[in-house]
Amino acid sequence: MFPAEDSVFQEFNDLCRKLGWRVTASRLAVYRYIRGNRNHPIVDEVWKAVQRQQPNISRESVYRILTDFVSKGVISLIDRPNVIARYDSNSQRHDHFYCLRCGRIFDFNIDEVDEIVRSKLNKFGRVDRVEARASGVCQECLDRELNSK
Ligand SMILES: [Zn+2]
Ligand SMILES: [Zn+2]
């Protein structure tokens, strides 16, 4: 049924068992693409990649699978106002640097940010998630600008 029963398949199989889900070829294909993907893809990028294995899969199905993954904490959703949803394969707490030139989003991790924000926000109630956002111009874009001068 599944062409490649490799370690990713095993991992996904275990995950589905834990979540009480059926392993479907579509879910597996989405998982394969998103797992370890550090590019914070939007739904259309995931869809395009998954179509290579599942030519008939609809955008809606991919979107629904991603939403299910988010609801179970398998991946997370980056909520950036006014832009298309992006998904993050890294469900561990981490921070983001947005390059305003090329639009890429980079991961970084400063644990102190988490501690400081939590300690300052506990008066508001329960803090579930802390994410620092920084924006600017990434090194690659800076180099490109320098070289074009
Ligand atoms: Zn950049
Ligand atoms: Zn990230």
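Start at 1 and go down the list; that is how both ligands and their atoms are numbered. Since the model is a prediction, treat every value here as computed from it, not as a measurement.
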For the residue pair Asp88 and Asp107, establish whether any side-chain heavy-atom pair is separated by less than 4.5 Å.
-> yes
Restricting Asp107 to its N/O/S atoms, the closest one to the Zn ion (ligand 2) is OD1
CA sep, side-chain torsions, deciding dist, call: Asp95, Arg133, salt bridge (Lys or Arg N to Asp or Glu O under 4.0 Å) = CA-CA 6 Å; Asp95 308 296; Arg133 295 173 192 202; over 6 Å; no
Nearest heavy-atom approach of Val30 to Phe69 is CG1-CE1, 3.8 Å
Side chain proximity check, His40 to His96, heavy atoms < 4.5 angstrom | yes
What's the atom name of the N, O or S in His96 nearest to the Zn ion (ligand 2)?
-> NE2
Give me the ring orientation class for Phe106 and Phe97: parallel if the planes are under 30° apart, tilted from 30 to 60°, perpendicular past 60°.
-> tilted
Report the angle formed at the Zn ion (ligand 1) by atom SG of Cys138 and atom SG of Cys141, rounding to the nearest 10°.
-> 110°
With the Zn ion (ligand 2) as the reference point, give the N/O/S atom of Asp88 that is nearest.
-> OD2
Just give me the atom name: the N, O or S atom of His94 closest to the Zn ion (ligand 2).
-> NE2
